[in-house]
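Side chains are part of it too, since the values below use all heavy atoms of this structure and drop only hydrogens, waters and symmetry mates. Quick note on labels: first sequence line is chain A, next is B, and so on, each numbered from 1. Fair warning: this is a prediction, and the values are worked out from it, not measured in the lab.
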There are 2 protein chains.
Amino acid sequence: MAIIKKTYKDQVVDHVYQLLLTNELNPGDQLKETLLAEQMGISRAPIREAMKELIMNGLVDYRPQVGNFIPVFSPQQIIDSYTTRGVLEGYAVMSACALFSTEEIDKLENLTVQMESYAVKKNHKMVIDTGGEFHDLLISKCDNVQLLEYTDRLSLKLHILFFKYWGKLYSSTEIGGRHRKIVESVKAQDLNLIEKVVRQHYVETGSKIAEIEG
Amino acid sequence: MAIIKKTYKDQVVDHVYQLLLTNELNPGDQLKETLLAEQMGISRAPIREAMKELIMNGLVDYRPQVGNFIPVFSPQQIIDSYTTRGVLEGYAVMSACALFSTEEIDKLENLTVQMESYAVKKNHKMVIDTGGEFHDLLISKCDNVQLLEYTDRLSLKLHILFFKYWGKLYSSTEIGGRHRKIVESVKAQDLNLIEKVVRQHYVETGSKIAEIEG
DNA sequence: TCGATGTCTAATGTCGACATTCGACAGATG
DNA sequence: CATCTGTCGAATGTCGACATTAGACATCGA
């Protein structure tokens, strides 16, 4: 039973994700309901439904009576978004750091090594995937539904809108070093340090991307 | 020029706010589009638009193909929501605490005194309003748009969904003491302390409400 | 008896058409 | 020349009707 029925709305959302990830949509572009509806052979109703979801996840800017636009971020706003992710993830990791098993810590260390290795080989896709796995595991012990909701949304937003820059982000030593610092702080169960290094990780990531984008 | 034209959608949103604040809607209730449309004399389209906005702000739970419901929170979820607010506000205040003028610090202290005074008189409405002003001023120096967006949304959600409990929350000494601690930490420019006391304030608030509700 | 299956209903999902509004541009006005 | 105003087009906002589906209930069979 692999067939998952999707509503038109969901298909539209996926469609826009693809358009963003393949750079067919750029910051400032307007998503015209009529046009999208024509292109997908459906009516405007599900397009509008999809827009609301995209807006909710921060992937689309809405201007009443005018339309929906791919957001344009200033360098500072990029930094702000990553900073916010860091604040949320920092707390998530810190608040549940006692719950990691030794196997999971090992896993985190292995992922770090893999990431470095992929970075050396310039296999950016795998760097990103491994990084995703790392951060997912890192926050997996947190059970604050509200906080995770925001973390996930922000994660999706940053992933989709800035995916194109991630390849240029790190040298292999930087990416390894940063993640190693996080693992070390968790191993040490140093609450203050955990929040500090996680935040730092995201602020630096955001700054780098803001630099590239600006 | 005080007349602000509102779209039907906005009127629906306001209508639901009112229903929630006046306890005409309770956790678990379904918001049926057809019924709301009839009651307001409009079609389902703007009702659906309004639902999306309410969902985005966390005031309504959406179940695909089933409907929209007033959320039911477990005590733990209530605590989680307040905790998250504390994490966000704690960072907001901490990151911009150097920007407060002495006049603004004075204002914060005055608001604390007023709050205490209203609490003594059991004037709950004014306690809440003054408290709102206090926290608004507290985060006003933060310019992280992304973080403030989440803070505001969460604020609205907690305000509207748990408004009914706020009256029972504090004794006058508690409410004064808690807010005084925050002001003191800001005056001292003690970054770690600021985050700690702000978080503590919200965790305790959330716990109290969870206790009442549970 | 109890679980699987069929049917029904009330709610959401989608449609195409019409109403309304924002923003651009041309022309009037000082 | 700058600014104000009116018109116009293209986009969103709203409508009423129809399509589809989740969940409740009745039915059937081991």
Qualifying salt bridge (charged side-chain N to carboxylate O under 4.0 Å, His left out) pairs, either residue in residues 53-79 of chain A, two or more places apart | Lys9(A)-Glu53(A)
Under 4.0 angstrom, heavy atoms only, what part of the nucleic acid is Leu31(B) near: base, sugar-phosphate, or nothing?
-> sugar-phosphate
Where along residues 60-71 of chain B does a heavy atom fall under 4.0 Å from DNA chain D?
-> Arg63(B), Gln65(B), Val66(B)
For Asp129(A), salt bridge (charged side-chain N to carboxylate O under 4.0 Å, His left out) partners two or more places apart | Lys125(A)
Quick one: which residue pairs count as a salt bridge (charged side-chain N to carboxylate O under 4.0 Å, His left out) with a foot in residues 65-76 of chain A, not counting sequence neighbours?
-> none
Atom-pair distance (NZ on Lys52(A); C1' on dT14(D)), nearest Å = 12 Å
May I have all residue pairs that pass salt bridge (charged side-chain N to carboxylate O under 4.0 Å, His left out) and include part of residues 11-23 of chain A, sequence neighbours excluded?
-> Lys6(A)-Asp14(A)
Taking salt bridge (charged side-chain N to carboxylate O under 4.0 Å, His left out) as the test, write out the residues that go with Lys208(A), two or more places apart.
-> Glu174(A)
Within residues 136-149 of chain A or reaching into it, pairs that qualify as side chain to side chain donor-acceptor pair (under 3.5 Å) - sequence neighbours excluded = Glu104(A)-Lys141(A), Asn144(A)-Thr84(B), Gln146(A)-Ser81(B), Gln146(A)-Lys157(B), Glu149(A)-Arg153(A)
For Ile47(A) and dT12(D), give me the distance from atom CD1 to atom P, rounded to whole Å.
-> 10 Å
Sorted by chain and residue number, the salt bridge (charged side-chain N to carboxylate O under 4.0 Å, His left out) partners of Glu89(A) (sequence neighbours excluded) come out as Arg85(A)
May I ask you to check whether Phe162(B) and Phe73(B) place their ring centres under 6.0 Å from each other?
-> yes
Could you give the side-chain donor-acceptor pairs of residues 23-30 of chain B under 3.5 Å, partners two or more places apart or in another chain?
| from | atom 1 | to | atom 2 | distance (Å) |
| --- | --- | --- | --- | --- |
| Glu24(B) | OE2 | Thr22(B) | OG1 | 2.7 |
| Asp29(B) | OD2 | Asn26(B) | N | 2.9 |
| Gln30(B) | NE2 | Val66(B) | O | 3.1 |

Spacing of Lys9(A) atom NZ relative to dT14(C) atom P, expressed in whole Å = 8 Å
Would you say dT14(C) has OP1 or OP2 under 4.0 Å from some side-chain N or O of Thr7(A)?
-> yes
From CZ of Arg48(A) across to P of dT14(D) the rounded distance in Å is 8 Å
Would you kindly give the CE-to-C1' distance between Met51(B) and dA11(C), to the nearest whole Å?
-> 14 Å
Whole-Å gap separating P (dT12(D)) and NZ (Lys6(B)) | 23 Å
Through what angle, rounded to 10 degrees, does the axis of the helix from dT1(C)-dA30(D) to dG30(C)-dC1(D) turn between its ends, using five pairs per end?
-> 20°
List every contact pair, protein side and nucleotides 15-19 of chain C side both N or O, where the distance is under 3.5 Å.
| from | atom 1 | to | atom 2 | distance (Å) |
| --- | --- | --- | --- | --- |
| dC15(C) | OP2 | Ser43(A) | N | 2.8 |
| dC15(C) | OP2 | Ser43(A) | OG | 2.9 |
| dC15(C) | O5' | Ser43(A) | OG | 3.3 |

dG9(D) C1' sits how many Å from Leu35(A) CG, rounded?
-> 16 Å
Determine yes or no for a side-chain-to-main-chain donor-acceptor pair under 3.5 angstrom, with His15(B) supplying the side chain and Gln11(B) the backbone.
-> no
With sequence neighbours excluded, residues passing salt bridge (charged side-chain N to carboxylate O under 4.0 Å, His left out) with Lys107(B) = Glu133(B)
Between Asp10(B) (CG) and dG13(D) (C1'), how many Å, whole number?
-> 11 Å
